[in-house]
A.B. asks: 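Sharing a structure below in structure tokens format, with a few things to ask.
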Amino acid sequence: MDLNNVRTRFAPSPTGRFHFGNANTALFNWLIARRYGGVVVLRMEDTDTERSTKEYERLIIADLEWLGIDWDEGPVKGGEFGPYYQSERGGIYEDYTKKLLESGAAYKCYCTKEELDHAREEARRSGSPDVFNCGCRAMSDDQRIKKESERDAFSVRFMTPKNDRIVLNDLLRGPIEFDTNDIDDFIIARSDGSPTFLLTNAIDDALMKITHVVRGEDHISNTPKQMLVNRTLGLHVPEYLHTAMILGQDRTKLSKRHGAVSVFQFREKGYLPESMVNYLAFLGWNPKDDREFFTIRELAEAFSIEAMSKAPSVFDEARLHYLNAYWMKTIDRSRVVKMWVDYLVERGYVTADEAETKREWIERIVEISAERVKILSDIDEYADFFFKDVESYDEKGAKKHFSKENAADNIALVKTELAAVEPFNHDGIEKMYVRLKEEKGLGANQTIHPVRLALTGKTFGPSLFELMELLGRDVCLARLDRAEKHIRETSAAV
RNA sequence: GCCCUCAUCGUCUAGUGGUUAGGACACCGCUCUUUCAAGGCGGCGGCAGGGGUUCGAGUCCCCUUGGGGGCACCA
């Protein structure tokens with residue numbers, strides 16, 4: 001295969017949020033272009049005016065940018081093969097449709113949607129093994145003139161040749177052969193005159209000089225049709241590569257009903273673009289060695305078409321989660337802090353002003369929590385107590401640490417000690433604890449675990465001494481006081 | 001129903017005729033530790049089935065089975 005001067009393209013239709021499958025093919029297009037020193041084209045396939053919106057367009061672009069998948073030609077960037085919005089290329093499609101019609105390679109179909117649905121159902125019921133075609137293909141000129149006078153609307157169908165074979169040499173899968181008798185006369189222009197995907201996508205790829213069309217496996221059966229269109233139009237036929245699909249846990253095509261599937265939803269959960277890209281790349285490709293962490297740049301270097309896999313893969317969030325844990329501790333800490341701040345403000349843990357004035361304090365919290373917060377939303381689990389009062393105590397923990405005979409006394413003791421500790425920081429508190437242990441023989445079970453529970457409501461978390469320092473003396477004393485009262489009340493009640 | 005496609009642990013995969021079938025996630029132990037997490041160590045677990053070809057098949061061929069995709073005036 002010729003991989004010089006590669007031009008790949010990504011052609012989303014702005015009819016919804018950018019989902020995993022889209023991102024996966026976008027990434028592979030990008031990877032191929034970047035790896036082999038080519039060009040990436042972004043083209044908006046907004047011919048479905050019913051469902052396409054400018055807002056989705058904007059969001060798709062935002063998601064691509066967030067992932068770090070850039071493009072050389074297309075919306076925002078421009079380029080010499082524009083316009084890159086299909087809605088602005090109407091004239092081009094009209095011309096080619098006319099050409100096809102005039103040369104007899106396409107014909108007008110006067111059937112209505114209802115008639116077709118009905119006929120198709122009938123054909124299927126009768127077990128007709130042939131591909132469905134309506135009668136319009138074989139109409140005589142006289143019949144055609146008559147129909148024309150009866151009906152004003154018509155769609156345009158491509159006249160698929162009979163008894164021919166068409167071979168798709170898929171870059172990943174090798175030759176795939178199709179019998180044209182299995183291909184119907186597909187519609188290239190709707191009765192309102194608007195062109196369909198089968199036409200626009202095919203001729204735009206040729207006109208935009210795309211050398212490699214990289215798309216999902218679900219397009220395989222479209223490919224012979226599009227090859228046919230370009231061939232009869234005398235247009236260039238690109239190379240094709242059909243990537244393996246991403247499936248949900250139930251092994252069907254990933255869709256909304258599988259829960260979170262859009263890039264945006266994962267972004268909101270607190271996943272990093274690094275992990276998304278890393279994960280996405282490994283769904284359909286692998287480096288053939290034990291390396292598992294790649295930045296998008298590293299991917300562009302290591303990538304090769306030969307190492308792509310053909311089998312569909314099942315989406316596994318646990319794996320994404322694992323990668324995110326890695327990237328969370330690998331990327332610049334300042335970026336993590338920024339993400340924390342945004343999250344904290346968004347969730348109302350702190351106000352924007354507080355986030356500003358307490359920046360340093362938040363940074364230190366991030367520092368000691370980083371190992372535990374694998375995705376941003378883990379903040380709710382691991383670090384909420386820094387920003388809000390303890391509302392309840394972990395049930396199991398309370399049973400274990402608050403129900404002991406001296407529990408309240410021990411907490412009271414720590415409270416007293418803490419009130420006097422100088423300096424009130426990790427080292428000072430640690431010294432105090434060492435002394436407690438030496439003088440009174442009180443260990444973790446008496447003075448650490450119950451105190452952690454009192455201060456955080458949890459049985460797990462960062463180092464207690466550091467956590468105390470960051471909470472500050474006043475907060476610690478208040479929470480210990482409350483816990484002490486709580487224990488005395490509940491034990492009195494029993 | 002028709003067409004296309006895919007097939008190694010639960011998941012992602014390495015493997016291109018000779019391997020005790022390797023790694024990672026997840027799961028389960030142990031370890032470290034003030035807890036949790038992280039880390040370290042270990043465990044569980046797989047070539048869909050049947051025929052060939054071959055001295056020898058996860059690897060090549062055929063069939064079966066199973067999975068996926070497509071069969072719209074969506075893209």
Side-chain angles (χ1 to χ4, degrees), chain A residues 11-13 15-16 45-48 50-52 86 109 111-113 116-117 120 123-125 127-132 153-157 168 170 173 176-179 181-184 186-198 200-201 215-224 242 244-245 247 249 251-253 279 282-292 307 309-323 325 329 369-374 378 381-382 397 401 430 433 437 443-445 447-449 451-453 456 458-465:
Chain A
S13 63
T15 56
E45 307 230 323
D46 50 355
T47 53
D48 182 352
E50 297 276 303
R51 299 191 298 144
S52 298
Q86 290 192 325
C109 170
C111 303
T112 64
K113 176 104 171 86
L116 290 169
D117 286 346
R120 221 181 324 256
R124 186 167 282 196
R125 193 171 20 227
S128 160
D130 296 319
V131 170
F132 171 79
F154 60 86
S155 60
V156 180
R157 286 181 187 274
L168 155 61
D170 191 278
R173 298 161 194 276
I176 302 175
E177 210 175 283
F178 299 89
D179 185 332
N181 294 337
D182 291 326
I183 303 173
D184 67 337
F186 51 94
I187 289 179
I188 57 175
R190 306 185 185 93
S191 49
D192 65 359
S194 66
T196 66
F197 164 82
L198 261 4
T200 62
N201 184 267
R215 51 175 20 171
E217 197 181 353
D218 48 345
H219 282 291
I220 289 179
S221 55
N222 290 326
T223 307
H242 291 92
M245 304 248 80
L247 274 23
Q249 294 291 332
R251 306 200 64 95
T252 63
K253 196 174 170 180
Y279 181 66
F282 273 69
L283 250 27
W285 173 84
N286 79 85
K288 305 275 183 194
D289 58 32
D290 288 348
R291 287 177 296 166
E292 51 180 339
S309 60
K310 295 182 275 196
S313 51
V314 176
F315 177 76
D316 178 22
E317 190 169 348
R319 178 81 198 179
L320 212 208
H321 194 266
Y322 164 76
L323 291 174
K329 48 186 183 184
S369 311
E371 203 73 53
R372 275 157 280 259
V373 174
K374 296 172 183 161
D378 285 341
E381 179 83 4
Y382 286 99
H401 302 300
E430 186 174 34
Y433 263 96
K437 169 105 182 169
N445 278 328
T447 54
I448 290 187
H449 302 327
V451 170
R452 170 186 299 284
L453 188 62
T456 69
K458 306 171 202 304
T459 57
F460 53 83
S463 155
L464 183 64
F465 311 145

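Each chain gets a letter, A, B and so on, in the order its sequence line appears, and its residues count up from 1.
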A.B. asks: Which base sits across from B/U19 as a Watson-Crick or G-U pair, both distances under 3.5 Å?
C.D. replies: none
A.B. asks: Which whole number of Å gives the distance between the P atom of B/C25 and that of B/U16?
C.D. replies: 24 Å
A.B. asks: Determine the contact category for A/Thr200: base if any of its heavy atoms lies under 4.0 Å from a base atom, sugar-phosphate if only primed atoms, P, OP1 or OP2 are that close, otherwise nothing.
C.D. replies: nothing
A.B. asks: For atom P, what is the distance between B/C41 and B/G70, given to the nearest Å?
C.D. replies: 44 Å
A.B. asks: Pick base, sugar-phosphate or nothing for A/Gly193, based on heavy-atom distances below 4.0 Å to the nucleic acid.
C.D. replies: nothing
A.B. asks: Under 3.5 Å, which protein N or O atoms sit close to an N or O of nucleotides 21-25 of chain B? Give each pair with its distance.
C.D. replies:
{"from": "B/A24", "atom 1": "O2'", "to": "A/Glu292", "atom 2": "OE1", "distance (Å)": "2.8"}
{"from": "B/A24", "atom 1": "O2'", "to": "A/Arg319", "atom 2": "NH1", "distance (Å)": "2.3"}
{"from": "B/A24", "atom 1": "O2'", "to": "A/Arg319", "atom 2": "NH2", "distance (Å)": "3.2"}
{"from": "B/C25", "atom 1": "O4'", "to": "A/Arg319", "atom 2": "NH1", "distance (Å)": "3.0"}

A.B. asks: Which one, B/C12, B/A75, B/C3, comes nearest to the side chain of A/Asp182?
C.D. replies: B/C3
A.B. asks: Output yes when at least one side-chain N/O atom of A/Thr47 is less than 4.0 Å from OP1 or OP2 of B/A75, else no.
C.D. replies: yes
A.B. asks: Any donor-acceptor pair under 3.5 Å between the side chain of A/Asn222 and the base of B/A75?
C.D. replies: yes
A.B. asks: Of the candidate nucleotides B/C73, B/C4, B/G70, which contains the atom at the shortest distance from the side chain of A/Lys253?
C.D. replies: B/G70
A.B. asks: Quick check for you: among B/U13, B/G15, B/G68, whose closest atom lies nearest to any side-chain atom of A/Lys288?
C.D. replies: B/G15
A.B. asks: According to the Watson-Crick and G-U wobble definitions, with both distances under 3.5 Å, which nucleotide is paired to B/A14?
C.D. replies: none
A.B. asks: Please state how far atom CZ in A/Phe315 lies from atom C1' in B/A26, giving the value in whole angstrom units.
C.D. replies: 14 Å
A.B. asks: Which base sits across from B/C2 as a Watson-Crick or G-U pair, both distances under 3.5 Å?
C.D. replies: B/G70
A.B. asks: Using whole Å, report how far CE of A/Met245 lies from P of B/U5.
C.D. replies: 15 Å
A.B. asks: When all nucleic acid strands are considered with a 4.0 Å heavy-atom cut-off, which category describes A/Cys111: base, sugar-phosphate, or nothing?
C.D. replies: base
A.B. asks: Mind checking whether A/Tyr279 and A/Phe315 have parallel, tilted or perpendicular rings, split at 30° and 60°?
C.D. replies: perpendicular
A.B. asks: Just name whichever nucleotide pairs with B/G42, Watson-Crick or G-U, keeping both distances under 3.5 Å, else none.
C.D. replies: B/C28
A.B. asks: A/Trp285 has an atom CH2; how far is it from atom P of B/A14, in whole Å?
C.D. replies: 11 Å
A.B. asks: What nucleic acid atoms does A/His219 come within less than 4.0 Å of, heavy atoms only: base, sugar-phosphate, or nothing?
C.D. replies: base
A.B. asks: Which value, in whole Å, describes the distance between the C1' atoms of nucleotides B/C2 and B/G58?
C.D. replies: 33 Å
A.B. asks: Checking A/Ser13 against A/Arg51: is there a side-chain donor and acceptor pair closer than 3.5 Å?
C.D. replies: no
A.B. asks: Distance check, C1' atoms only: B/U5 and B/G45, in whole angstrom units.
C.D. replies: 28 Å
A.B. asks: Round to the nearest Å and state the distance from A/Asp192 atom CG to B/C73 atom P.
C.D. replies: 13 Å
A.B. asks: For a quick test of reading the model, state the closest non-hydrogen atom pair linking A/Asn201 to A/Gln86 and the distance between them.
C.D. replies: N-NE2, 3.9 Å
A.B. asks: Which atom pairs link the protein and nucleotides 34-38 of chain B when you take only N or O atoms and keep those under 3.5 Å?
C.D. replies:
{"from": "B/U34", "atom 1": "O2'", "to": "A/His449", "atom 2": "ND1", "distance (Å)": "3.4"}
{"from": "B/U34", "atom 1": "O2", "to": "A/Arg452", "atom 2": "NH2", "distance (Å)": "3.4"}
{"from": "B/U34", "atom 1": "O4", "to": "A/Ser463", "atom 2": "OG", "distance (Å)": "2.8"}
{"from": "B/U35", "atom 1": "O2'", "to": "A/Thr459", "atom 2": "O", "distance (Å)": "2.5"}
{"from": "B/U35", "atom 1": "O2", "to": "A/Gly461", "atom 2": "N", "distance (Å)": "2.8"}
{"from": "B/U35", "atom 1": "O2", "to": "A/Gly461", "atom 2": "O", "distance (Å)": "3.3"}
{"from": "B/U35", "atom 1": "N3", "to": "A/Arg452", "atom 2": "NH2", "distance (Å)": "3.2"}
{"from": "B/U35", "atom 1": "N3", "to": "A/Gly461", "atom 2": "O", "distance (Å)": "2.5"}
{"from": "B/U35", "atom 1": "O4", "to": "A/Gly461", "atom 2": "O", "distance (Å)": "3.4"}
{"from": "B/C36", "atom 1": "O2", "to": "A/Arg372", "atom 2": "NH1", "distance (Å)": "2.6"}
{"from": "B/C36", "atom 1": "N3", "to": "A/Arg372", "atom 2": "NH1", "distance (Å)": "2.4"}
{"from": "B/A37", "atom 1": "O3'", "to": "A/Lys374", "atom 2": "NZ", "distance (Å)": "3.2"}
{"from": "B/A37", "atom 1": "O2'", "to": "A/Glu371", "atom 2": "O", "distance (Å)": "2.9"}
{"from": "B/A38", "atom 1": "OP1", "to": "A/Lys374", "atom 2": "NZ", "distance (Å)": "3.1"}
{"from": "B/A38", "atom 1": "O2'", "to": "A/Lys329", "atom 2": "NZ", "distance (Å)": "3.4"}
{"from": "B/A38", "atom 1": "O2'", "to": "A/Glu371", "atom 2": "OE2", "distance (Å)": "2.8"}

A.B. asks: Counting the atoms with a prime plus P, OP1 and OP2 as sugar-phosphate, which does A/Ser191 contact under 4.0 Å by heavy atoms, base, sugar-phosphate, or nothing?
C.D. replies: base
A.B. asks: Can you tell me if A/Asn286 touches the phosphate of B/A14, counting only side-chain N or O atoms and a distance under 4.0 Å to OP1 or OP2?
C.D. replies: yes
A.B. asks: Taking CG from A/Asp184 and P from B/G70, how many angstroms apart are they, rounded to a whole number?
C.D. replies: 15 Å
A.B. asks: Hey, is the main chain of A/Thr447 close enough, under 3.5 Å, to the side chain of A/Arg452 for a donor-acceptor pair?
C.D. replies: no
A.B. asks: Roughly how far apart, to the nearest Å, are B/C12 and B/C71 at atom C1'?
C.D. replies: 31 Å
A.B. asks: Given B/C73, B/C12, B/A7, identify the nucleotide with an atom nearest to the side chain of A/Arg157.
C.D. replies: B/C73
A.B. asks: With no hydrogens and no angle check, is any side-chain donor or acceptor of A/Asp170 less than 3.5 Å from a backbone partner on A/His242?
C.D. replies: yes
A.B. asks: Scan nucleotides 60-67 of chain B against the protein and return all N/O pairs shorter than 3.5 Å with their distances rounded to 0.1 Å.
C.D. replies:
{"from": "B/G67", "atom 1": "O2'", "to": "A/Arg251", "atom 2": "NE", "distance (Å)": "3.3"}

A.B. asks: What are the two closest non-hydrogen atoms of A/Leu453 and A/Thr459, and how far apart are they?
C.D. replies: CD1-CG2, 4.3 Å
A.B. asks: Checking side-chain polar atoms at under 3.5 Å, does A/Asn286 have a donor or acceptor matched by the opposite partner on A/Arg291?
C.D. replies: no
A.B. asks: How many whole angstroms separate atom CZ of A/Arg291 from atom P of B/A14?
C.D. replies: 14 Å
A.B. asks: Below 30° counts as parallel, above 60° as perpendicular, anything between as tilted: where do the rings of A/His449 and A/His401 land?
C.D. replies: tilted
A.B. asks: Looking for any heavy atom pair under 4.0 Å, which part of the strands does A/Thr15 touch: base, sugar-phosphate only, or nothing?
C.D. replies: nothing
A.B. asks: Do A/Lys253 and A/Asp218 meet the salt-bridge criterion of a basic N to acidic O distance under 4.0 Å?
C.D. replies: yes
A.B. asks: Nearest heavy-atom pair of A/Ser369 and A/Pro462: which atoms, and what distance?
C.D. replies: OG-CG, 4.4 Å
A.B. asks: Measuring from atom CD1 of A/Ile187 to atom NZ of A/Lys113, what distance do you get when rounded to the nearest 0.5 angstrom?
C.D. replies: 8.5 Å
A.B. asks: With rounding to the closest Å, how many angstrom separate the P atoms on B/A38 and B/G68?
C.D. replies: 34 Å
A.B. asks: When the nearest nucleotide of RNA chain B is assigned to A/His321 and to A/Ile176 on a heavy-atom basis, which residue is associated with the more 5' position?
C.D. replies: A/Ile176
A.B. asks: Is a donor-acceptor contact shorter than 3.5 angstrom present between the side chain of A/Ser221 and the base of B/C4?
C.D. replies: no
A.B. asks: Quick check: closest heavy atoms across A/Thr196 and A/Ala189, and the distance to 0.1 Å?
C.D. replies: CG2-N, 4.4 Å
A.B. asks: Rounded to whole Å, how long is the line connecting atom CD of A/Gln249 with atom C1' of B/A26?
C.D. replies: 11 Å
A.B. asks: Of all the heavy-atom pairs spanning A/Ala244 and A/Ala311, show the shortest one and how long it is.
C.D. replies: CB-O, 3.2 Å
A.B. asks: Do A/Glu292 and A/Tyr322 have a side chain donor and acceptor closer than 3.5 Å?
C.D. replies: yes
A.B. asks: Under a 3.5 Å distance rule, please check whether A/Asp46 uses its side chain to pair with a backbone N or O of A/Ser52 as donor and acceptor.
C.D. replies: no
A.B. asks: To the nearest angstrom, how far is A/Lys310 atom NZ from B/U13 atom C1'?
C.D. replies: 15 Å
A.B. asks: What interatomic distance, in whole Å, is found between P of B/U54 and the corresponding atom of B/U59?
C.D. replies: 16 Å
A.B. asks: How would you label the contact of A/Ile187 with the nucleic acid (heavy atoms, under 4.0 Å): base, sugar-phosphate, or nothing?
C.D. replies: base
